[in-house]
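Here's the structure, in structure tokens; my notes come after.
Lettering of chains follows the sequences in order, A, B, ..., and the numbering in each one begins at 1.
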Protein chains: 2
Amino acid sequence: MLNPIWLKTFVTLVDTGHFTQAAEKLFMTQPGVSQHINKLEKACGHLLITRGKKSFVITEQGRLVYRYAKSLERNEEALIEQLAFDDPYSGECTLACSGSVALMLYPKLLEEQVKHPNIIIKMKAAPYHQILSDIKKGTVDQGIVTDIPNKIYFETKVLGEEELCLVVPSRVDTNVNKATLLMNLGLILHPDAKHYLSLFIAKNYKTELGQLNINSLPVVGFINQINQILEPIANGIGFTVLPKSAVDSFHNKQGLQVIKPDNTVIETLYLVTQKNRVLPARFETLNKVIDSAWK
Amino acid sequence: MLNPIWLKTFVTLVDTGHFTQAAEKLFMTQPGVSQHINKLEKACGHLLITRGKKSFVITEQGRLVYRYAKSLERNEEALIEQLAFDDPYSGECTLACSGSVALMLYPKLLEEQVKHPNIIIKMKAAPYHQILSDIKKGTVDQGIVTDIPNKIYFETKVLGEEELCLVVPSRVDTNVNKATLLMNLGLILHPDAKHYLSLFIAKNYKTELGQLNINSLPVVGFINQINQILEPIANGIGFTVLPKSAVDSFHNKQGLQVIKPDNTVIETLYLVTQKNRVLPARFETLNKVIDSAWK
DNA sequence: TTATTTCGATAATATTTTGTTATGAGGTTG
DNA sequence: CAACCTCATAACAAAATATTATCGAAATAA
């Protein structure tokens with residue numbers, strides 16, 4: 001490994017052209033300089049200078065190492081400067097959430113990135129457990145989920161609420177027994193479908209759906225692209241449960257029919273971060289936008 | 001200064017998530033890891049991890065340092081690799097020579113750069129003494145000059161020869177005493193004018209010019225752009241001495257008259273490098289072109 | 001030329017830095 | 001609650017590093 005102190009000595013040596021002068025400049029003794037150069041040459045595996053009796057000439061390798069040392073110095077300075085300066089309008093922000101939240105949130109975040117081009121938004125649509133494991137690993141800074149995770153590892157803050165919609169094809173007659181209706185249609189599966197459906201059933205149609213086993217429902221499709229989940233339903237195939245925002249943004253709404261339930265089903269959204277992790281200033285900028293999305 | 005060993009320890013710590021495991025991986029003890037991190041934090045001036053009782057969370061500064069450490073590692077590897085590999089078709093070649101040599105040589109070298117785009121030719125037209133001082137400083141790799149420099153500091157190799165031409169305006173009657181002719185015309189000065197003129201006089205017109213003092217010649221112009229030196233002469237003003245190649249490439253030759261001397265005046269061109277400096281392989285590629293320019 | 005000074009290399013020694021062992025405090029697990 | 005982890009700290013041992021002393025060769029001055 002190339003010790004930066006040796007590199008600095010080498011740079012000074014090359015700049016001054018004299019071992020003695022370099023030593024003076026560095027407040028050390030001349031043999032010290034000699035030793036640094038020897039060690040650096042050993043570490044590099046190449047002679048960095050060609051020694052004459054009283055003078056030296058830098059080798060090609062020496063030139064390369066000299067340039068490297070200079071750039072190292074600059075890089076290190078830049079790093080130290082960066083460490084002290086927590087810019088609220090620059091840096092990477094990685095967040096993960098469900099596809100439907102992403103669908104609604106990402107455009108708003110992009111507006112912010114347009115305002116402050118040095119903020120870089122990285123959005124990952126993922127299922128619940130992956131969001132949590134990514135936050136725990138630290139590969140994702142923040143997540144938005146619909147369940148409160150383990151308080152030992154995560155910090156949680158309520159963001160807002162979203163209405164869940166049971167969506168069926170527009171042609172279907174909904175004035176029938178709901179269990180029969182859904183069994184006949186079959187489920188269009190997506191990453192959060194079963195979770196949403198169970199929330200929905202827990203609050204509605206208990207008498208009709210009470211004994212319905214979600215896992216025994218026929219599955220008539222699967223898609224994990226949020227903007228395509230409603231496609232089969234608009235074509236008359238299956239049903240699903242989705243947040244209202246996802247339904248609203250669908251391009252072909254006349255193909256759909258949202259069943260108005262007796263009790264509105266609300267899921268709470270939580271902003272989740274790693275426990276004890278202090279996020280940099282740019283997340284305040286970001287979270288203003290996220291907060292306002294549910295206001 | 002950020003010790004690369006501490007940085008490596010820090011990277012390992014972050015990767016493993018455990019002091020003990022990091023220590024094992026690095027064949028050291030756990031307190032050693034603790035100390036490395038402490039020292040690194042002190043050197044950075046920031047906490048890199050937030051310590052829990054049995055675990056830690058990386059801080060924003062820690063993330064920056066982690067990224068820096070990773071890139072440092074890559075850069076160092078790249079350097080070491082580069083040191084061992086002397087590519088004949090890539091790298092910078094800086095050379096210095098007179099304007100007239102540059103005029104002739106640079107196009108040929110550019111052809112070579114087109115063939116091998118990773119070779120970067122840097123050509124500096126400069127007077128004799130500056131060429132030598134640049135080579136001695138090491139800011140220029142090679143020079144082409146017309147005098148053998150001090151053998152203590154430089155290595156010299158004969159490149160070829162060039163004919164010198166005494167150039168006067170085309171309208172002038174040359175069948176007169178040469179001293180009178182030149183005194184009446186006056187010298188168009190350029191960086192090598194006096195040197196060339198002295199070479200010329202030493203071999204020709206000794207009887208006529210014997211007592212002519214170059215420094216007392218009237219100077220009627222000065223220009224250090226090689227392709228413009230002959231401009232005043234083509235306009236009927238002054239005389240000068242230049243290599244034949246520079247005269248040949250002049251755009252308005254009918255305005256000029258080259259005085260045919262009794263003894264052709266030849267200047268020898270020398271390729272000069274710093275003493276004891278071994279040039280990298282790309283200079284072999286380059287010097288083939290340079291050699292062939294005078295063949 | 002010879003004496004003097006300058007410059008870098010080397011060896012021996014002193015000092016500082018670094019790594020290890022030993023130990024303790026706090027937390028988790030069975 | 002005992003056994004077991006994990007990390008921090010202190011004391012000490014080991015290694016790395018810097019200094020002093022000295023030499024030889026070359027440049028400079030006399």
Side-chain angles (χ1 to χ4, degrees), chain A residues 1-44 47-59 62 136 138 150-154 274-277, chain B residues 1-44 46-59 62 136 138 149-154 274-277:
Chain A
M1 270 191 173
L2 305 185
N3 188 324
I5 301 171
W6 303 342
L7 288 171
K8 193 173 186 186
T9 304
F10 179 62
V11 167
T12 312
L13 174 69
V14 171
D15 287 342
T16 60
H18 294 266
F19 281 69
T20 324
Q21 284 178 35
E24 249 178 70
K25 252 195 169 175
L26 296 166
F27 303 103
M28 58 194 289
T29 55
Q30 170 266 311
V33 175
S34 278
Q35 288 176 27
H36 277 193
I37 305 307
N38 286 337
K39 282 173 186 169
L40 188 61
E41 286 183 325
K42 212 170 175 183
C44 291
L47 289 176
L48 303 179
I49 54 175
T50 308
R51 279 152 242 254
K53 286 298 174 182
K54 288 189 69 162
S55 63
F56 66 87
V57 168
I58 185 167
T59 64
K136 204 170 165 192
N150 191 334
K151 295 203 167 183
I152 297 175
Y153 302 120
F154 301 101
Q274 192 177 18
K275 184 102 178 181
N276 292 324
R277 175 163 176 208
Chain B
M1 270 193 175
L2 305 186
N3 187 324
I5 299 172
W6 302 342
L7 288 171
K8 194 174 185 186
T9 304
F10 179 62
V11 167
T12 312
L13 174 69
V14 172
D15 287 343
T16 60
H18 294 267
F19 282 69
T20 325
Q21 283 179 37
E24 250 177 68
K25 249 195 171 175
L26 295 166
F27 303 103
M28 58 194 291
T29 56
Q30 170 265 311
V33 175
S34 278
Q35 290 175 28
H36 277 194
I37 305 306
N38 287 336
K39 282 173 186 170
L40 187 61
E41 287 183 324
K42 212 170 177 182
C44 290
H46 295 270
L47 289 177
L48 302 179
I49 54 175
T50 307
R51 279 153 242 254
K53 288 298 175 182
K54 288 189 66 166
S55 64
F56 66 87
V57 169
I58 185 166
T59 65
K136 205 170 163 191
N150 190 335
K151 295 206 167 185
I152 296 174
Y153 302 119
F154 300 100
Q274 193 177 19
K275 185 100 178 183
N276 292 325
R277 176 163 175 211

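- Comparing dT18(C), dC7(D), dA9(C) against the side chain of Lys39(B) picks out dT18(C) as the nearest.
- The separation between Phe56(A) atom CZ and dA26(D) atom P is 18 Å, rounded to whole Å.
- Nucleotide dC7(C) holds its P atom 13 Å from the CZ atom of Phe19(A), rounded to whole Å.
- Separating the CG atom of Asn3(A) from the C1' atom of dA16(D) is a distance of 11 Å, rounded to the nearest angstrom.
- Side-chain nitrogen and oxygen atoms of Arg51(A) include none within less than 4.0 Å of the OP1 or OP2 phosphate oxygen of dG8(C).
- Looking at heavy atoms from C-beta onward, Leu2(B) lies out of side-chain contact with Pro4(A) at the 4.5 angstrom threshold.
- Within the structure, a side-chain polar atom (N or O) of His36(B) is placed less than 4.0 Å from OP1 or OP2 of dG19(C).
- The side chain of Ser34(A) approaches dG8(C) more closely than any other nucleotide in the set dA12(C), dG8(C), dA11(D).
- Of the candidate nucleotides dC7(D), dA18(D), dT9(D), dT9(D) has the atom nearest to the side chain of Asn38(B).
- Here the options are Asp15(B), Ile5(B), Ile37(B), the test is side-chain contact (heavy atoms from CB on, under 4.5 Å), and the partner is Phe10(B); only Ile37(B) passes.
- In this structure, Phe56(A) and Phe19(A) have perpendicular ring planes: the angle between them is above 60°, well past the 30° mark.
- Relative to the side chain of Met28(B), the nucleotides dC7(D), dT19(D), dT20(C) differ in distance, and dT20(C) lies closest.
- Test Leu13(B), Leu7(B), Asn3(B) against Leu40(B) for side-chain contact (heavy atoms from CB on, under 4.5 Å) and you get one pass: Leu7(B).
- At whole-Å resolution of the value, CD1 in Ile5(A) and C1' in dT18(C) are 13 Å apart.
- Taking atom CD1 of Ile49(B) as the reference point, atom P of dT6(D) lies 15 Å away to the nearest angstrom.
- Comparing dA9(C), dA12(C), dT20(C) by their closest approach to the side chain of Thr29(B) singles out dT20(C).
- Across the protein-nucleic acid pair, Met1(B) atom CE and dT17(C) atom P stand 15 Å apart, rounded to whole Å.
- The side chain of Thr20(B) places an N or O atom within less than 4.0 Å of a non-bridging phosphate oxygen (OP1 or OP2) of dC7(D).
- With rounding to whole Å, Gln30(B) atom CD is found 16 Å from dA25(C) atom P.
- In terms of position along DNA chain D, the nucleotide closest to Pro31(B) lies nearer the 5' end than the nucleotide closest to the other residue of the pair Pro31(B) and Ile152(B).
- Glu41(B) places a side-chain N or O within 3.5 Å of a backbone atom of Leu48(B) that can act as its donor or acceptor partner.
- The distance between atom CZ of Phe27(B) and atom C1' of dA15(D), rounded to the nearest whole Å, is 19 Å.
- Taking the side chain of Gln35(B) as heavy atoms from C-beta on, and the options dG19(C), dC7(C), dT17(D), the nearest nucleotide is dG19(C).
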